[in-house]
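All remarks here apply to the structure that follows.
In what follows, every chain begins at residue 1, and chains take the letters A, B, ... in the order their sequences are listed. No hydrogens, no waters, no symmetry mates; every other heavy atom, side chains included, goes into these values.
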There are 2 protein chains.
Amino acid sequence: MNNTIFMADQYYLNKSTFLVAADCIVFGFKEKELHILLTRRPVEPLAGEWSLMGGFVSENESLEDAAKKVLFEYTQQKGIYMEQVNAYGAVDRDIGGRVISVAFYALVRLEEFDTSLAQKFDARWINIKELPQLVFDHNKMVEDALTLLRFKVSMQPIIFNFFDEKFTLPALQDLYEAIYQRPIDKRNFRKKIASMNILDKLDIKDTLSSKRGAFYYVFNEEKYRDFLASGKFFSL
Amino acid sequence: MNNTIFMADQYYLNKSTFLVAADCIVFGFKEKELHILLTRRPVEPLAGEWSLMGGFVSENESLEDAAKKVLFEYTQQKGIYMEQVNAYGAVDRDIGGRVISVAFYALVRLEEFDTSLAQKFDARWINIKELPQLVFDHNKMVEDALTLLRFKVSMQPIIFNFFDEKFTLPALQDLYEAIYQRPIDKRNFRKKIASMNILDKLDIKDTLSSKRGAFYYVFNEEKYRDFLASGKFFSL
DNA sequence: ACAAAAGTGTTCACACTACACCCATGG
DNA sequence: CCATGGGTGTAGTGTGAACACTTTTGT
């Protein structure tokens, strides 16, 4: 073997370095539709155009930390569920300079969203069925995030991150329908939910969205572990 | 709205920049087992330890271009099937410096692999069941790549990228078993393949791996399009 | 009393699983 | 002639899809 051992200096120095950004696709659920949080880009080029929330990664920050920082800045919430989508690195994807961007999607509880923040950052919750054109490759990021969300939501019980602890079955079904963009049969849906036995039914009802009222449920972490331990897998 | 428009200079300048690498998880199939291509790291720190193939992204290169460059360097093949796994950006993931790495997995045809390259780069095909400890977070990358590969291979007909055009059904089954790491029933497997009607059976046999010989098949792109057009989905 | 949404079971079709024997050939 | 791997069908089970009426309550 004629392998040469290089000095680290030769290897790490004199290489190109890049700006790295974290862009967030922030999903929320309201009015029976899936929405994402968009803002007007505050900087040239393309100032004023619709854009995802983003920020540059700094020296002593992981990619996830950078994304969390962006999420906290725009929502003031901590512990938001977040997952990496992909890295985007086309040479001219950002016309303002060479920037490699890592996209994350996040699920936020819209009940506890501070609407004053929307004002502050000129941000709005936009129905995913009415997405405008976004800057750079942000539309592609949203598309990829949606694809991933649809997959994940069908395989893992992450959907409960959209709700503030308790939720009704009709609301849960509406949410799945909003994510998959297709109707789901009510009886089959409830049958499947019931068969997993991972929810606790509460004694109280949500009487706001109907006269009769729908019972609240909560996700039971422990029951879910038992469910997994029995060799079954979440699937919806 | 009290949104300030920044000048691009303020926005893009004076931000941290990073070395960005593309690391490749190169999968190949031989001896009825899935293998990945590993090399001895040629540079300090950790020179001589097992490592994935990687390279730094340069100025006028996309992430995909950088990964392709790495793949071509180590395999001398072009048009290799490749897909992004994830970006890895923990602050101290590379102990030689701050490097953000984007992992790609690739599927190569081992029949046409030039073994002299293995010598040149001190590279070896290692059975995935016998993976050594790799440098940095490369083991995690391989794990993530395998998870993604298992999913993709079950949903899209990418598995044929492991073969040099033609292949036998026993070999195809062996490959699925190697990827999923579990036995598959021969009759059920063949029934499902047949029901999709996306392969063409050739008149010739592979007589090397058995006395009787197994018929060769080729993937038929057109039949696959018809299959999709009929509203069905690939699943294996 | 009526409108509006919540809640509840059964049937049917299809897909997945399990399973055992004969065939072709080289040595 | 025998050892080795290639090739073939059927029956049973479970899962997903279709489908309609009763209940509750606010107005």
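Separating the CG atom of B:D185 from the P atom of D:dG9 is a distance of 14 Å, rounded to the nearest angstrom. When the P atom of D:dA18 is taken as reference, atom CD1 of A:I184 falls 12 Å away, rounded to whole Å. Between the C1' atom of D:dG6 and the CZ atom of B:F167 lies a distance of 16 Å, rounded to the nearest Å. Regarding A:K186, its NZ atom lies at a distance of 11 Å from the C1' atom of D:dT22, rounded to whole Å. The separation between A:R187 atom CZ and D:dA18 atom P is 12 Å, rounded to whole Å. Computed from coordinates, the B:L169 CG to D:dG5 P distance equals 17 Å when rounded to whole Å. What separates CG of B:D174 from P of D:dT4 is a distance of 17 Å, to the nearest Å.
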Starting from the C-alpha separation in whole Å, work towards a yes-or-no answer on side-chain contact (heavy atoms from CB on, under 4.5 Å) for A:L202 and A:K166.
CA-CA 9 Å; A:L202 303 185; A:K166 65 187 192 300; 4.1 Å; yes
Working for side-chain contact (heavy atoms from CB on, under 4.5 Å), residues B:L236 and B:I193:
CA-CA 8 Å; B:L236 246 167; B:I193 296 276; 3.4 Å; yes
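Counting non-hydrogen atoms under 4.0 angstrom, A:K192 reaches the backbone sugars and phosphates but no base.
On the nucleic acid side, DNA chain C has its first and last nucleotide under 4.0 Å of a heavy atom of chain B at C:dC16 to C:dG26, going 5' to 3'.
A tilted orientation is assigned to the rings of A:Y81 and A:Y105, their planes being inclined by 30° to 60°. Aromatic ring orientation, A:Y224 versus A:F234: perpendicular (interplanar angle above 60°, classes split at 30° and 60°).
The 5' end of DNA chain D is approached more closely, in terms of each residue's nearest nucleotide, by B:A214 than by the other of B:A214 and A:S210. Nearer to the 5' terminus of DNA chain C, by closest-nucleotide assignment, is the contact made by A:K211 (compared with the other of A:T168 and A:K211).
Heavy-atom neighbours of B:K30 NZ from other residues, nucleotides or ligands within 6.0 Å: above the threshold of 12.
For B:K191 against D:dT10, a side-chain N or O and a base N or O form a donor-acceptor pair under 3.5 Å.
Taking the centre of each ring, B:F160 and B:F167 come in below the 6.0 Å mark.
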